[in-house]
Amino acid sequence: MERVVIVRYAEIGLKGKNRGYFEGKLIKNIRKIAKPPEIYKRYGRIIIKLKDEDFSEFENRLKYVFGIQNYSFAYAISHDIDEIKNAAKDLMGKYLNNQRTFKVETKRSYKQFPMKSQELSAYIGGYLLEQYPQLKVDVHNPEIIVGIEIKEKEAFVFVGKKKLYGGFPVGVSGKALLLLSGGIDSPVAGWYLMKRGVNIETISFLSPPFTTEKSVKKILDLAKILAKYSPDAFRTWIVPFTEVQQYIKQNVPDRYSLIIQRRSMMRIANKLAEKIKAKALITGENVGQVASQTLTNLHSIEDASNIPILRPLIGFEKTEIVDKAKEIGTFEISILPYIDSCVAFAPKNPATSSFVDEIKNIESSLIELKNLEDKVYEKIEKFVF
Ligand code: ATP
Ligand code: MG
């Protein structure tokens, strides 16, 4: 009896002609992220052969692979009925705690197998009842489901299915650049797009010397969490933004300084996006959360970008974002008190509405702005994980 993991991938199975490409990418990503000893494609599933590895450590790595719907630890065996019985008994023994009810579910794509699906389920069910008299069969709401899949070359027996995030393998949906602040929202925004198969790099704007190395470390620690989902090296860029902020602070009416700062960030992010061939920007913006996030201000900000701005959290409740941040492990880092940008550059009363034309008009009088944006861009620092 060989121990394997059966990996199932519902959504990417739907992709018609692209199916082969998606499956190939998923296998590559599993190889790079979960590092299985042996992996191959069979019957619309991915099969991973395990040797002596620590199963729980392997599971921990597997959960970082987007594109997997669910998986089961299984025995891969022959069509021999005694082997199927042994496998079912053995697995039940491993999984049984205090559960009382179970059922057996068979799927048979190999029609030459001598028993029909129902028959085999009933037969193995009966055998398990003999072996584990404390159990009862419950076909409607069982605590344990023993699965049997009869395929052409082999049979698989497993207990239960463990759900993962689903989505698409990272890399199949192109690349985008995430504006990563030290806040709660932007890491979660990046996570959601990676889940949709988008490869990301990140850019962060800091205000040294008002922000310290602790802010840098915070950004890098957040990026490292996202990097776990990436099959390839993950790049994080940090821009020392202070000179631009100081210039805006001195030359722009306080109420508009935030919007103009954000437009500067967009222009610099566009420049980097072009260099790294990212096709969109991602932000953690959300309607109504803060002054910069009204509809008119979102417009005034996005006007400075030539590429689309993706905002996966736009309609989320704050509590939903916080829950997700806790689940993926970014929350504890995000709430550390090291800020991304000096509070001295934050306006006292930021405008909650604005007109693009008015903003552009103010900007046109800022003759040094473009030069300073170029200057800070030259000082951009790259980190690779
Ligand atoms: P977050 O929790 O992600 O910081 P927020 O609710 O604080 O978001 P804002 O401060 O208005 O909202 O920022 C909106 C978005 O703009 C952020 O989610 C992020 O994508 C981007 N952003 C803001 N400040 C920075 C920064 N210093 N560096 C990089 N991106 C930033
Ligand atoms: Mg913020």
Side-chain angles (χ1 to χ4, degrees), residues 176-193 200-208 210-212 215-216 218-220 222-223 225-226 236-242 244-245 248 257-273 278 280-302 304-305 308-326 328 330-347 350-352 354 373 376-377 380-381 383:
L177 178 60
L178 169 68
L179 279 84
L180 178 66
S181 70
I184 295 168
D185 304 338
S186 43
V188 176
W191 186 90
Y192 272 108
L193 276 147
I200 70 170
E201 300 194 17
T202 68
I203 184 171
S204 304
F205 298 86
L206 296 183
S207 332
F210 305 105
T211 57
T212 66
S215 298
V216 175
K218 180 178 175 182
I219 295 287
L220 298 183
L222 288 170
I225 291 185
L226 295 177
T236 291
W237 305 81
I238 295 187
V239 180
F241 197 45
T242 319
V244 171
Q245 289 176 304
I248 292 172
S257 67
L258 182 67
I259 294 170
I260 294 188
Q261 264 190 49
R262 285 294 151 80
R263 285 172 61 90
S264 258
M265 288 185 190
M266 291 300 156
R267 280 187 291 266
I268 294 169
N270 268 249
K271 206 164 163 177
L272 178 61
L281 304 180
I282 305 166
T283 71
E285 286 164 320
N286 175 277
V287 166
Q289 233 185 58
V290 291
S292 61
Q293 302 180 0
T294 60
L295 294 183
T296 54
N297 285 352
L298 287 173
H299 182 210
S300 296
I301 294 167
E302 79 181 352
S305 179
I309 298 174
L310 310 176
R311 306 177 179 98
L313 308 182
I314 199 73
F316 278 47
E317 298 289 322
K318 189 71 185 185
T319 51
E320 295 174 298
I321 303 172
V322 165
D323 287 348
K324 183 50 90 175
K326 284 181 178 164
I328 65 176
T330 52
F331 182 77
E332 292 301 318
I333 304 170
S334 292
I335 57 172
L336 293 173
Y338 317 118
I339 44 173
D340 48 70
S341 167
C342 178
V343 280
F345 299 125
T352 51
S354 58
E373 285 171 6
V376 299
Y377 180 77
I380 197 166
E381 250 193 293
F383 298 84

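Start at 1 and go down the list; that is how both ligands and their atoms are numbered.
- Looking only at atom types and distance, the side chain of S186 has a donor-acceptor partner in the side chain of S181 under 3.5 Å away.
- Looking at ligand 1, you'll find an N or O of D185 within less than 3.5 Å of one of its N or O atoms.
- Separating the CD1 atom in I219 from the CZ atom in F205 is a distance of 11.0 Å, to the nearest 0.5 Å.
- The heavy atom nearest to atom 23 (C) of ligand 1, considering only Q261, R262, Q245, is found in R262.
- A heavy-atom distance below 4.5 Å is not found between the side chains of N286 and R311.
- Heavy-atom proximity to E285, at under 4.0 Å, picks out these atoms of ligand 1: 14 (C), 15 (C), 18 (O).
- Inclusion of I282 in the set of residues having an N or O under 3.5 Å from an N or O of ligand 1 is not warranted.
- A heavy-atom distance below 4.5 Å is not found between the side chains of Y377 and V239.
- With I282 as the partner, the side chain to side chain contact (heavy atoms under 4.5 Å, CB included) test is satisfied by one option alone out of L193, T202, L177: L193.
- For S186, a nitrogen or oxygen atom sits less than 3.5 Å from a nitrogen or oxygen atom of ligand 1, counting backbone and side chain alike.
- Residues D340 and G183 come closest through the heavy atom pair OD2-N, 4.4 Å.
- A salt bridge links K318 with D185: at least one charged nitrogen is closer than 4.0 Å to a carboxylate oxygen.
- Residue K318 has no N or O atom closer than 3.5 Å to an N or O atom of ligand 1.
- For the atom pair CG of L336 and CZ of F331, the computed distance is 10.5 Å after rounding to the nearest 0.5 Å.
- Contact atoms of ligand 1 toward D340: 27 (N) (distance under 4.0 Å to a heavy atom of the residue).
- Within the 4.0 Å heavy-atom cutoff, I203 counts among the residues contacting ligand 1.
- Atoms of ligand 1 lying under 4.0 Å from any heavy atom of G183, numbered from 1 in the order shown and given with element: 1 (P), 2 (O), 4 (O).
- Among the atoms of G284, some N or O lies under 3.5 angstrom from an N or O of ligand 1.
- Within the 4.0 Å heavy-atom criterion, the part of L180 lying near ligand 1 is the backbone and not the side chain.
- Two residues are said to be in side-chain contact when any heavy atoms from C-beta on lie closer than 4.5 Å; I225 and P187 fail this criterion.
- Taking a cut-off of under 4.0 Å to the non-hydrogen atoms of S204, the atoms of ligand 1 that pass are 28 (N), 29 (C).
- Ligand 1 has an N or O atom lying under 3.5 Å from an N or O atom of I184, backbone or side chain.
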